[in-house]
Amino acid sequence: MNDNHGHMREGFTTTLGVLAATLGSAVGLGNIWKFPSMTGQNGGAAFVFVYLLCVLLIGLPVMISEFIIGRRAQANNVGAFRKLETAGRAPWHLTGVAGVAAAFLIMFFYTGVAGWVYAYAFKALTGAFSGVTAAETADIFSTYIGSAAGPLAWQWIVLVTVSAIIIAGVTKGIERMTKTLLPILFVLLLICNIRALTLPGAGAGVEYLFRPDFTKVTAPVVLAALGLAFFKLSVGMGTMTTYGSYIGRRENLPSNALKVAFADTLVSLLAGLAIFPAVFAFGFEPDAGPSLLFITIPAVFQTMPLGQLFLTMFFVLAAIAATGAMISLLEVPVAYLTEEHGWSRVKATLLSAAAMGTVGALATLSTSVLSETLVFGRTFFDLFDFLSSNIVLPVGGILICLFVGWKLGPKAIADEASNGGSIRNAAVLRVFTFVVRYVAPVAILLVLLNGLGVIKA
Ligand code: PFF
């Protein structure tokens, strides 16, 4: 199929390729950095429980909705809404524009953290942590993020890597890379799990992850869990719409979404099971926050046999995960700019990446020269992070549900999500339609207003 400018549209070629690419988008720093640190800060299992509910009731339906929009329209995130909104005057495509903006917002800080991860993989490999004490790992991290040049350079290395994959294209770049890298990630993660779970005293970490204490659950905690569900599953901004447009007509959309949500959650739990048992076994605190990955983990891994090897593996797997997620984030503006504005893929990629690196420097420098510069009481880093996960993605999620539930409506849903009736899933689709029309939008709105303190329930 051709796009507006007569380019042939590429797509994912196999069922496994579809799963690899979409799962590759979902799995990222969210699983390895955000999920464990937020779980640790919000009291463990109760947070995990609320998070799981958000994934099932909200994240999964929004993902199916995005797949439906993308595949039906065969277009980028803005073009897709334009094509499907024809019979009305409401400017739905602005939802698509907001999604493209959100891709930039997330990349501003995500590439910075990915840069830390790349740098740490390199540090671990070259033995920078061998023989250091826990206090020294804290020093290494604060010295590293307190400097400007290193983190900025790594952020650009990250952007160049991701750009190279995107320029290679949807099939040869995205599909091929994710299909190769995801299995490696799983194997490395399982090895780290076995190591952590066989440490003496590992049980306390497992308990922490699975035994809930619901007194910790407040409105902002629920909003944080919801924001994490959106961020984790890469939904609420059109990444899955864009990828959906590359999914073939014969693929089963709800089934692929379910597999992604399940496997992604499994990776988060496995990451938790690699981290918390080790943290507890060595007497560290679980609530270190964002530095959990960069201070606690090196400290913990360093104290165990073959520590340097496992530490290197852990950061390599984090780097792989982050890369798959960033590919999908960069693809959103690239698909938009090539299809709607006729730019070449190379030009769209390089200019988007350059913008991400330039503004992204503000986030990266938030831990050094800009640490005192606050906007709305937050550093640039925290502002980009908070705005995207806690506001833009949930609002995008509401609009996407409403668009699919009411604008496209039950007939189009049934047609697209059952491949014209060839998949027998009518009952599932009835439940899905009800959820996207009523349950998800209302739930998101309530959580959002409560979490921001606008209403108190
Ligand atoms: N899902 C990714 C993660 O958990 O790291 C982050 C992400 C990717 C968010 C793509 C949003 C997105 F569109």
Side-chain angles (χ1 to χ4, degrees), residues 20-39 51 54-55 59-60 62-63 65-67 69-70 76-77 95-96 98-117 158 162 165-166 174 178 181-182 185 189 224-245 257 260-261 263-272 290 293 317-336 352 356 384-397 400:
T22 47
L23 183 59
S25 166
V27 170
L29 293 174
N31 308 65
I32 295 158
W33 172 64
K34 269 197 172 213
F35 174 83
S37 68
M38 288 175 73
T39 300
Y51 169 74
C54 292
V55 166
L60 179 62
V62 177
M63 192 189 296
S65 301
E66 292 195 22
F67 284 161
I69 297 174
N76 65 88
N77 197 35
T95 308
V100 175
F104 280 94
L105 206 54
I106 294 179
M107 281 296 265
F108 292 156
F109 73 90
Y110 204 98
T111 49
V113 183
W116 300 350
V117 170
V158 163
V162 174
I165 299 172
I166 288 296
I174 301 175
T178 49
L181 292 179
L182 269 189
L185 183 149
L189 187 54
L226 179 71
L228 180 64
F230 275 105
F231 183 87
K232 270 292 341 98
L233 298 179
S234 310
V235 297
M237 48 166 285
T239 302
M240 293 300 183
T241 306
T242 307
Y243 272 18
S245 75
V260 171
D264 178 68
T265 306
L266 187 68
V267 173
S268 293
L269 292 174
L270 288 177
L293 185 59
L317 91 85
I320 291 175
T323 305
M326 289 183 293
I327 298 172
S328 68
L329 282 161
L330 183 54
E331 181 65 17
V332 173
V334 168
Y336 163 68
S352 303
M356 288 163 180
F384 296 148
D385 183 7
F386 179 84
L387 274 184
S388 51
S389 281
N390 289 12
I391 298 185
V392 182
L393 300 187
V395 171
I400 288 163

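The first residue of the sequence shown is numbered 1, and numbering continues consecutively from there. Order of listing sets the numbers, starting from 1, for every ligand and every atom in it.
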Quiz prompt | Under 4.0 Å to a heavy atom of A26 - the qualifying atoms of ligand 1, by number | solution = 1 (N), 2 (C), 3 (C), 4 (O)
Self-check item: Minimum-distance protein heavy atom relative to atom 11 (C) of ligand 1
Solution: S234 CA, 3.6 Å
Quiz prompt | Passing option when I320 is tested against L185, V27, V117 for side chain to side chain contact (heavy atoms under 4.5 Å, CB included) | solution = L185
Self-check item: Ring center gap for F108 and F384 short of 6.0 angstrom
Solution: yes
Self-check item: S234 to M240 - nearest heavy-atom pair and separation
Solution: O-CG, 3.6 Å
Quiz item: Near Y110, which atoms of ligand 1 are under 4.0 Å from a heavy atom of that residue?
Solution: 2 (C), 3 (C), 5 (O), 6 (C)
Exercise. Quick one: closest heavy-atom pair of F109 and S388, and the distance?
Key: CE2-OG, 3.7 Å
Practice problem: Please say whether F231 places an N or O atom under 3.5 Å from an N or O atom belonging to ligand 1. | Solution: yes
Quiz item: Where does M237 meet ligand 1, judged by heavy-atom distances below 4.0 Å: at the side chain, the backbone, both, or neither?
Solution: side chain
Quiz item: Which of the numbered atoms in ligand 1 are below 4.0 angstrom from a heavy atom of G30?
Solution: 3 (C), 4 (O), 5 (O)
Practice problem: Answer yes or no: is there a donor N or O on one side and an acceptor on the other, between the side chain of N77 and the main chain of Y336, under 3.5 Å? | Solution: no
Practice problem: Considering the heavy atoms of L29, write down every atom of ligand 1 situated less than 4.0 Å from one of them. | Solution: 5 (O)
Quiz item: For ligand 1, which atoms, with element, lie under 4.0 Å from some heavy atom of S328?
Solution: 10 (C)
Quiz prompt | For T239, the ligand 1 atoms whose distance to one of its heavy atoms is below 4.0 Å | solution = 12 (C), 13 (F)
